[in-house]
Every structure is written in structure tokens, then in C-alpha cells.
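Residue numbers count from 1 along this sequence.
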Amino acid sequence: MEQAFSYEALYALLQERNETRPEGSYTTYLFEKGLDKILKKIGEESTEVIIAAKAEDKSETIYEIADLAYHVMVLMVHAGITPKDIAAELASRHVIDHKVKQEKMTKA
């Protein structure tokens, strides 16, 4: 029986791949190449999301967002950032008034 997808399970898998570095794994390849390669892939995937969204191609946009999310999660593992860290950041933003948040952003 197939388990339901969760970001936490994907994160745990990526952590395991980082620790064990199984041969032939694309994730292993990214971790072995390091931060510059991971960031390059995030840049490439971001561009592909933009192109698909601009073309208003929903299925391609979904596909490319999934690729981007995967590569961002590889970066998270590399940097020691957990899904809980991201959830906490998003939750803290949710309670900030939009105008206050905008003012903070323009002062930076």
C-alpha cells in the first residue's frame, strides 16, 4: 500500500540520502557536488517555473514547481533548515498585518 506524500517524509528521505550517499542517486549527486550545484539547479528550476507559468500551462507549471520544491528541500537539508523552521516562519508572517509587512520590506 502506497503511503500518502508529505514534505516531512520527503525531507527525511533527503536527509537519509545525504547521510548514506547511495551510489547512482541524483540526490547523492547534488549533495556531493555541493552548494553551488544545488543553487544552480534552484536557479534553473525557478526559470522553468516562470516560463511554464507565463505560458499559462497549468500541468507544466505544476511539474516545474514540484522540481523547484524538491531542489529547495535539498538546499534545506544541506543548510540544516527543517520544514518546521519554514512552517514557523510562514506562521509568523501570517499574523503580521500586510501593511506593516510592506513597510518593513520597503525599509530594508
Side-chain angles (χ1 to χ4, degrees):
M1 188 168 163
E2 193 173 316
Q3 289 187 325
F5 173 83
S6 76
Y7 288 106
E8 291 79 10
L10 175 57
Y11 186 85
L13 175 64
L14 295 174
Q15 281 184 306
E16 185 268 331
R17 292 282 166 90
N18 188 32
E19 292 165 7
T20 63
R21 305 274 174 112
E23 191 173 327
S25 162
Y26 176 67
T27 305
T28 295
Y29 165 78
L30 290 172
F31 285 125
E32 287 179 348
K33 289 295 181 182
L35 183 59
D36 287 346
K37 183 63 173 181
I38 295 166
L39 295 176
K40 181 179 179 188
K41 289 303 298 179
I42 290 172
E44 290 171 5
E45 298 304 337
S46 296
T47 300
E48 291 171 5
V49 167
I50 293 165
I51 292 167
K54 182 68 175 161
E56 297 185 8
D57 183 334
K58 184 176 179 179
S59 63
E60 186 68 15
T61 303
I62 291 168
Y63 181 88
E64 296 301 346
I65 288 172
D67 276 353
L68 177 59
Y70 161 80
H71 286 91
V72 167
M73 290 192 76
V74 170
L75 173 63
M76 288 169 57
V77 170
H78 177 83
I81 298 168
T82 68
K84 286 182 181 179
D85 295 330
I86 302 303
E89 176 62 24
L90 290 171
S92 75
R93 293 179 183 193
H94 184 70
V95 298
I96 296 175
D97 180 79
H98 292 291
K99 185 173 181 169
V100 172
K101 180 68 176 171
Q102 260 186 335
E103 289 172 1
K104 286 182 180 179
M105 289 175 64
T106 58
K107 289 179 183 177

Can I get a per-line list of side-chain donor-acceptor pairs under 3.5 Å for residues 4-11, giving both atom names and the distance, sequence neighbours left out?
unit_1	atom_1	unit_2	atom_2	d
Ser6	OG	Ala9	N	2.9
Tyr11	OH	Ile81	O	2.9

List the atom pairs, donor and acceptor, that lie under 3.5 Å between side-chain atoms in residues 34-46 and the rest of the protein, sequence neighbours left out.
unit_1	atom_1	unit_2	atom_2	d
Lys41	NZ	Glu44	OE1	3.1
Ser46	OG	Ile42	O	2.8

Show me the donor-acceptor pairs, under 3.5 Å and distance only, between side chains in residues 49-58 and residues at least two apart or in other chains.
unit_1	atom_1	unit_2	atom_2	d
Asp57	OD1	Ser59	N	3.4
Asp57	OD1	Ser59	OG	3.2
Asp57	OD1	Glu60	N	3.1

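Cluster membership for Met73 and Ile62, using ILVMFWY side-chain heavy atoms within less than 4.5 angstrom, is not shared.
For the atom pair Leu14 CG and Leu75 CG, the distance stands at 11.0 Å (nearest 0.5 Å). The distance from the CZ atom of Arg17 to the CZ atom of Phe31 is 10.0 Å, given to the nearest 0.5 Å.
Sequence neighbours left out, the pairs with a member in residues 62-71 that pass side-chain hydrogen bond (donor to acceptor under 3.5 Å, both in side chains) are Tyr26-His71, Thr27-Tyr70.
For Glu16, the side chain to side chain donor-acceptor pair (under 3.5 Å) test picks out Thr20, with sequence neighbours left out. In this structure Thr82 satisfies the side chain to side chain donor-acceptor pair (under 3.5 Å) test together with Asp85, sequence neighbours excluded.
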